[in-house]
There are 2 protein chains.
Amino acid sequence: MTLTELRYIVAVARKRHFGKAAEACFVSQPTLSIAIKKLESELDVRLFERSSKNEIRITDIGQQIVDQAQKVLRETQVIHEIAQQGKDPLSGPFRLGAIYTIGPYLLPDLIPRLNTATPNLTLIIEEDFTANLARKLKNGDLDAIVISYPFDEPGIATTPLYEEPFVVAIPPGHAWNEREDIAVDELAGQDLMLLGAGHCFRDQVLAACPKCMSQSSELTRKLEGSSLETIRHMVAAGTGITVLPCTSLLNRHSNRELVRIKPFADPRPGRVVALAWRKHYPRSEAIETIAEAIRGCDLPGVKRIDDADQAA
Amino acid sequence: MTLTELRYIVAVARKRHFGKAAEACFVSQPTLSIAIKKLESELDVRLFERSSKNEIRITDIGQQIVDQAQKVLRETQVIHEIAQQGKDPLSGPFRLGAIYTIGPYLLPDLIPRLNTATPNLTLIIEEDFTANLARKLKNGDLDAIVISYPFDEPGIATTPLYEEPFVVAIPPGHAWNEREDIAVDELAGQDLMLLGAGHCFRDQVLAACPKCMSQSSELTRKLEGSSLETIRHMVAAGTGITVLPCTSLLNRHSNRELVRIKPFADPRPGRVVALAWRKHYPRSEAIETIAEAIRGCDLPGVKRIDDADQAA
DNA sequence: GTGTTCAATCAAATTTGTCTATGAGGAGAC
DNA sequence: GTCTCCTCATAGACAAATTTGATTGAACAC
């Protein structure tokens, strides 16, 4: 049985005439006769009563089958409609993941931007650790993720979005209160609070300040499962100091008077935030659009990385 | 788009592996790859995300299309099921027509017979004049009709069922009360009551007794729209005499004592009852079965005509 | 009878579908 | 890095199917 045969029997049922049905199907009359004969033979059922002079009649069973054939053809049409509607890569659901230390600062700006730029794109947001995001991306549970370098996974492509310097956060009464900037190595003697294992930001800070590595282990252990906001509050309370990505310094945070922010002295440590997706992900246009939207976000202190820079 | 292609994409969606899907479809992997590529190109939509190492992934739109494809395939299966169920020509509805002067006497015996012999055949009965039955038969509103010869219509085949002699019905006090039989020509002097125009039985009686033709016209005009049973009652009431087909003499009629039945003298007039159907009607087995069932009916005074006789 | 109409049939050309063999690309082992 | 394996894509050849124009046959109208 083929869809063509079904179209033919529906045409014959409508026209009640082989020649006219053939014309309506844009085929010759023998084509139609043979096709119907083939279908009748396959189903082992007589669909039409041929009479040479008068119009063709449909058998009872033929009518039932023609009705069902029409249903099949309608459902087939739906496939075309789905394809037509879904052809735009900028429509439909898009599952975007982001790490904990980026999501809360990037997404409030990004989501309204995308909703305006691509109203048919339904964003579904998920925050998690890099490792979990990577797994979900590979699974297909996510379509793209916002992470920070280093990030190299087989089958995954990335594009850098912006470079984000780190800054130091100290309580108001701290000895560094009047300092212009802080050298990375100076962190070693301080009560440095960092996020727990799993947060890539922790590793990035420690990588930037190798001397902190041994010293901070006990303190940071207490902050497993914490967040930058919690740590910021602890800084305000005088428990210690911390390092923050500059995007977390959005002016909507009410406690900004309670912590002092100091930049690092050159060479300033930082990280590159990137978008990652499966190499064979078909909606590349959606990827590009989202990458551009992120680059266009108004984030404090970051240095945007354009596609051209990436190639260099 | 072909049903085969839909089967292929469903298989790939299930197996998430081109090679295994091809195996499940009993085709080679290139066959499947090409078919899917063709469908993707036709729909202008990427259905699957291929990756060389890991299992393939279905795109959002691909999943929608695969779901819809499964629906199409299920509906296609229904066509096969309809064909399978309806393959037996002795099942399903069968629309049988009969003329007024046969139906009431034949059908009460025929219907229970057929219900037993062919329980899947749903008889739908219709009584009408010959001309209306012929029209409905040609239309396809009826599948077969029981009529009496002469009956010759283009595109319609017939088979004789039985020969039915006519008899004379007289009131108890009639002059012919003690007669053994009646000659046809003797009817001419009587108050002969006949059915109205349209009833073939009327024409048949008049054809058998040409002398009655002129004389009876006024009387029979009063009986337009009547029935044999009404006329029988009128005979019992002494209004006149009539001619009946012998099958109308079933012993269940309570007024048989009130009319006397006399056979005709040789050559006895009568008629041949036949089954008629469209020459190309596909359920010939059903026709044969019904013809045989009618021949097997227990009708008083008829002479059964077998298929063999028909050929002669 | 002749002519007309319509579907079935036929033989030939075309298209489609399928196969085997091979290629390309990526991932992982070494 | 190179090699190998795995997976899907591609190429060319072949077989099967679809399609077509021409013809035939049946049924009917005149």
Side-chain angles (χ1 to χ4, degrees), chain A residues 1-9 11-13 15-42 46-59 62 134 138 152-158 277-282, chain B residues 1-9 11-13 15-42 46-59 62 134 138 152-158 277-282:
Chain A
M1 189 190 307
T2 70
L3 290 172
T4 307
E5 285 162 6
L6 298 186
R7 268 186 283 272
Y8 290 167
I9 65 170
V12 172
K15 301 284 183 182
R16 296 175 176 270
H17 187 288
F18 274 60
K20 288 169 188 162
E23 198 178 346
C25 294
F26 305 105
V27 293
S28 67
Q29 171 263 315
T31 299
L32 195 120
S33 284
I34 290 171
I36 287 174
K37 197 178 167 192
K38 172 168 166 286
L39 183 59
E40 284 182 330
S41 145
E42 177 187 341
R46 197 88 172 148
L47 299 174
F48 300 104
E49 239 183 89
R50 283 84 152 167
S51 68
S52 44
K53 196 63 188 176
N54 296 320
E55 59 181 13
I56 296 274
R57 246 178 307 278
I58 313 178
T59 63
K138 287 185 182 180
D152 190 17
E153 296 278 342
I156 304 295
T158 67
W277 65 93
R278 293 185 298 279
K279 278 182 186 170
H280 298 277
Y281 184 66
Chain B
M1 189 191 308
T2 71
L3 290 172
T4 307
E5 285 162 6
L6 298 187
R7 269 186 283 271
Y8 289 168
I9 64 170
V12 172
K15 300 286 182 180
R16 296 175 175 270
H17 187 287
F18 274 58
K20 286 170 188 163
E23 199 178 347
C25 293
F26 305 106
V27 292
S28 68
Q29 169 263 314
T31 299
L32 195 122
S33 283
I34 291 170
I36 288 176
K37 195 182 168 190
K38 172 170 166 284
L39 183 60
E40 284 182 329
S41 149
E42 176 187 344
R46 198 89 173 143
L47 299 174
F48 300 105
E49 240 182 86
R50 284 83 152 168
S51 69
S52 45
K53 195 64 187 175
N54 295 318
E55 60 180 14
I56 64 151
R57 248 176 308 277
I58 314 178
T59 63
K138 287 184 182 179
D152 191 16
E153 295 278 342
I156 304 294
T158 68
W277 65 94
R278 293 185 298 280
K279 278 183 186 169
H280 296 278
Y281 185 66

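The basis for the numbers below is simple: all heavy atoms, side chains too, and nothing from hydrogens, waters or symmetry mates. None of the values given here were measured: they were computed from a predicted structure.
Nearest nucleotide to the side chain of A:Ser33, out of D:dA9, C:dA7, C:dT20: C:dA7. The listed nucleotides are C:dT18, D:dG21, C:dA21; the one nearest the side chain of B:Ile34 is C:dT18. Closest to the side chain of B:Pro154, from the set D:dT18, D:dC28, C:dC19, is D:dC28.
If you take CZ of B:Phe18 and P of C:dG25, they are 17 Å apart, rounded to a whole angstrom. If you take CD of A:Glu23 and C1' of D:dG21, they are 16 Å apart, rounded to a whole angstrom. In this structure, B:Leu32 places its CG atom 12 Å from C1' of C:dT18, rounding to the nearest Å. Summarising the geometry, the separation between CD on A:Glu40 and P on C:dA7 is reported as 13 Å, rounded to the nearest angstrom. Atom NE2 of A:His280 and atom P of D:dC6 are 18 Å apart (whole Å). One interatomic measurement links the two molecules: CD1 of A:Ile56 to C1' of C:dA7, which rounds to 7 Å at whole-angstrom precision. Here C:dG28 presents its P atom at 11 Å from CG of A:Asp152, a figure rounded to the nearest Å. Computed from coordinates, the B:Lys15 NZ to D:dC6 P distance equals 19 Å when rounded to whole Å.
Proximity of A:Tyr8 to the phosphate of D:dT19: a side-chain N or O atom is located under 4.0 Å from OP1 or OP2. Checking the phosphate oxygens (OP1, OP2) of C:dA7, a side-chain nitrogen or oxygen of A:His17 falls inside 4.0 Å. Regarding contacts with the backbone of C:dC6, every side-chain N or O of A:Arg50 stays at 4.0 angstrom or more from both OP1 and OP2. Listed pair B:Ser28 / C:dT18 fails the phosphate criterion, with no side-chain N or O lying under 4.0 Å from OP1 or OP2.
Where B:Ile156 and A:Glu5 each meet DNA chain D at their nearest nucleotide, the meeting point lying more 5' is that of A:Glu5. Mapping A:Lys20 and B:Phe26 onto DNA chain C via the closest heavy atom, the residue that lands nearer the 5' end is A:Lys20. Comparing B:Gln29 and B:Lys279 by the nucleotide of DNA chain D whose heavy atom lies nearest to each, the residue mapping closer to the 5' end is B:Gln29.
Among the protein residues, A:Lys38 comes within range of the sugar-phosphate backbone only, with heavy atoms under 4.0 Å from sugar or phosphate atoms but none that close to a base.
Across B:Thr59 and A:Pro282, no two heavy atoms sit closer than the pair CG2-CG, 3.4 Å.
With a 4.5 Å cut-off on side-chain heavy atoms, A:Arg50 and A:Ile36 count as touching. Looking at heavy atoms from C-beta onward, A:Glu49 lies out of side-chain contact with A:Ile56 at the 4.5 angstrom threshold.
Counting heavy-atom neighbours within 6.0 Å of A:Glu23 CD, excluding the residue itself, gives a total of 12 or less. Heavy atoms from other residues, nucleotides or ligands lying under 6.0 Å from NZ of A:Lys38 number more than 12.
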